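Computed from a predicted structure; not experimentally measured. Just the heavy atoms: all of them, side chains too, but no hydrogens, waters or symmetry mates, feed the values below.
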Amino acid sequence: MTGNLIVDKTKICFPELKEITGNIEIKNNSFVKFPLLEKSGSVLIRQHAGAEFPVLRVVNGYLQNHGFETCYLTELQIVTGSFFTHQILAKNILEVGNLMMSRYCEFDHLKKISGFVDINMGFNYQSLEYIGYMMKDQQKSSKLPSLKRIGHYLYNKNDGFENLADRIYFKVKDNMYITKDKCYISRILSNQLYQHFGHPLEKLVSILKLRHKSFQNFITREYEREWRNYDSPNFVKVLNNIEKIWDNVESITYEEFFTHYDTDFRLFCFSYFVLEP
């Protein structure tokens with residue numbers, strides 16, 4: 001079946017439906033049975049509604065249940081979008097986009113989280129091999145013995161994940177994070193990195209040069225006094241990159257940062273700006 005399926009104020013069964021390319025929405029005191037459905041787009045069960053999917057294996061989209069009863073999806077293996085665990089039991093899930101948990105849930109077979117885990121605590125998934133984002137301080141206690149790779153990772157010296165990360169983020173000041181080639185001016189760096197504007201390291205150096213005449217001056221007067229120092233070879237590489245580009249970058253102009261659309265960026269630049277006597 002192609003297209004979307006919306007069921008409203010109806011109790012119905014689709015005894016022969018095996019696949020739907022569009023989305024399923026069930027609402028307003030409806031109850032729907034899908035005895036043979038194996039693959040679908042997003043599934044949304046609204047309040048005062050319910051559904052049965054005894055053989056559903058793949059959801060190409062998100063999965064969410066606001067209904068009146070728990071949805072048992074024992075055959076479910078893949079949810080490509082966000083998987084909201086409330087009122088859903090899917091003990092054999094293998095792969096999700098984002099894992100959205102209002103309370104902690106165990107998954108014994110979960111191997112891949114393409115995005116992030118939305119919970120403010122550590123999580124322990126023995127079988128997990130890949131996760132896209134580990135950016136929350138509250139998740140530093142996570143135990144992931146089978147982990148092989150992380151996409152985006154907020155550095156933590158105690159978890160042993162540094163060498164698994166494609167991209168490492170270091171929080172160097174209360175309002176700044178840096179990677180090997182970018183800086184992010186924000187007090188909190190969320191999993192949704194698209195919400196943050198990443199500036200190239202050259203831009204950071206142009207700001208630092210408002211206050212410091214040389215790289216060595218920056219090291220002795222700011223880095224050693226104000227920046228968080230990480231005992232990590234990857235952090236040393238960041239500092240080396242800053243030193244390499246230092247002499248090739250001009251200081252940012254007042255006009256450039258004063259007219260910038262980002263308030264945090266403007267305030268950050270102002271903190272370095274020194275009026276000439």
Side-chain angles (χ1 to χ4, degrees), residues 1-119 123 125 127-135 149-152 190-195:
M1 176 180 172
T2 59
N4 300 323
L5 175 64
I6 300 176
V7 180
D8 187 13
K9 299 179 181 178
T10 303
K11 292 179 173 59
I12 192 172
C13 177
F14 295 92
E16 299 181 0
L17 185 61
K18 293 185 177 182
E19 180 176 347
I20 177 170
T21 59
N23 303 326
I24 298 172
E25 182 179 358
I26 304 169
K27 57 185 182 178
N28 292 332
N29 296 306
S30 297
F31 189 87
V32 188
K33 294 183 178 181
F34 298 92
L36 297 182
L37 187 67
E38 297 182 359
K39 188 175 182 180
S40 78
S42 294
V43 176
L44 174 60
I45 304 173
R46 295 196 178 274
Q47 290 183 337
H48 311 297
E52 291 180 0
F53 302 90
V55 297
L56 185 63
R57 295 179 181 274
V58 178
V59 174
N60 284 318
Y62 66 86
L63 174 61
Q64 191 167 16
N65 180 17
H66 297 293
F68 50 70
E69 63 179 32
T70 299
C71 195
Y72 294 89
L73 301 174
T74 56
E75 299 296 319
L76 185 64
Q77 297 182 352
I78 298 173
V79 178
T80 62
S82 293
F83 172 30
F84 296 82
T85 61
H86 177 68
Q87 290 282 76
I88 295 176
L89 184 62
K91 63 180 182 180
N92 293 313
I93 194 77
L94 299 176
E95 178 181 335
V96 300
N98 302 315
L99 187 58
M100 315 297 284
M101 296 190 290
S102 55
R103 59 184 180 86
Y104 185 73
C105 301
E106 290 284 355
F107 296 100
D108 294 334
H109 307 289
L110 184 61
K111 291 184 178 294
K112 182 178 180 180
I113 301 172
S114 299
F116 57 87
V117 177
D118 186 30
I119 194 169
F123 46 91
Y125 296 136
S127 58
L128 190 68
E129 297 179 357
Y130 175 84
I131 183 168
Y133 295 84
M134 288 192 69
M135 302 293 290
R149 185 177 162 217
I150 305 171
H152 300 265
S190 70
N191 291 309
Q192 289 89 355
L193 285 172
Y194 61 84
Q195 296 179 352

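- Sorted by first and then second residue, the ring pair (Phe, Tyr, Trp, His ring centres under 6.0 Å) pairs with a member in residues 11-30 read F14-F34; sequence neighbours excluded.
- In this structure, OG in S114 is found 6.5 Å from OH in Y130, a value given to the nearest 0.5 Å.
- For E95, the side chain to side chain donor-acceptor pair (under 3.5 Å) criterion is met by no residue, not counting sequence neighbours.
- Nearest approach of V58 to L76, heavy atoms of both residues: N-CD1, 4.1 Å.
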So Y125 and L99, side-chain contact (heavy atoms from CB on, under 4.5 Å) or not? Walk me through it. CA-CA 12 Å; Y125 296 136; L99 187 58; 3.6 Å; yes

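- When every heavy atom of C13 is checked against every heavy atom of P35, the shortest pair comes out as SG-CD, 3.9 Å.
- Residues I113 and F107 have side chains not in contact (no heavy-atom distance under 4.5 Å, counting atoms from C-beta outward).
- Side-chain atoms of S40 never come within 3.5 Å of backbone atoms of V59 as a donor-acceptor pair (strictly under, hydrogens ignored).
- By the neighbour-count criterion of 12 heavy atoms within 6.0 Å, atom OH of Y72 is sparsely surrounded, having that number or fewer from other residues, nucleotides or ligands.
- The CG atom of L128 sits 11.0 Å away from the NZ atom of K112 when rounded to the nearest 0.5 Å.
- With R46 as the fixed residue, the side-chain hydrogen bond (donor to acceptor under 3.5 Å, both in side chains) test singles out one of E25, Q64, H66: E25.
- Taking every heavy atom of both residues into account, V117 and M101 meet most closely at CG1-CE, 3.6 Å.
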Could you go step by step and tell me if F53 and I45 meet the side-chain contact (heavy atoms from CB on, under 4.5 Å) rule? CA-CA 12 Å; F53 302 90; I45 304 173; 4.3 Å; yes

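- Taken to the nearest 0.5 Å, the CG atom of N60 stands 8.5 Å off from the OG atom of S42.
- A salt bridge links E129 to K111: one of the charged nitrogens lies within less than 4.0 Å of a carboxylate oxygen.
- Between F116 and N98, the closest heavy-atom pair is N-OD1, 3.1 Å.
- In this structure, L36 CG and K18 NZ are separated by 6.0 Å, a value rounded to the nearest 0.5 Å.
- A donor-acceptor pair is defined here as one N or O able to donate and one able to accept, closer than 3.5 Å; no such pair exists between the side chain of N92 and the backbone of E75.
- Counted within 6.0 Å of CD on E16, heavy atoms from surrounding residues, nucleotides or ligands total 12 or fewer; the atom is thus considered open.
- Across L89, V79, L63, a single residue satisfies side chain to side chain contact (heavy atoms under 4.5 Å, CB included) together with L73, and that is L63.
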Assess the residue pair H109 and L94 against the criterion (side-chain contact (heavy atoms from CB on, under 4.5 Å)); give the C-alpha distance rounded to whole Å, side-chain angles, the decisive distance to 0.1 Å, and a yes or no. CA-CA 6 Å; H109 307 289; L94 299 176; 3.9 Å; yes

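- Of all heavy-atom pairs between I20 and N23, the closest is CD1-O, 4.2 Å.
- When atom types are taken as modelled, the side chain of N65 and the backbone of Q87 share a donor-acceptor pair closer than 3.5 angstrom.
- Residues T2 and T21 share a closest heavy-atom pair of CA-OG1, 3.1 Å.
- Side chain of S30 to main chain of K11: no donor-acceptor pair is present (N/O by atom type, distance under 3.5 Å, no hydrogens or angles).
- In this structure, I24 CD1 and L56 CG are separated by 7.5 Å, a value rounded to the nearest 0.5 Å.
- Residues N29 and K9 have side chains not in contact (no heavy-atom distance under 4.5 Å, counting atoms from C-beta outward).
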Are I6 and K27 close enough, and set up right, to give a side-chain contact (heavy atoms from CB on, under 4.5 Å), and what steps lead you there? CA-CA 8 Å; I6 300 176; K27 57 185 182 178; 3.8 Å; yes

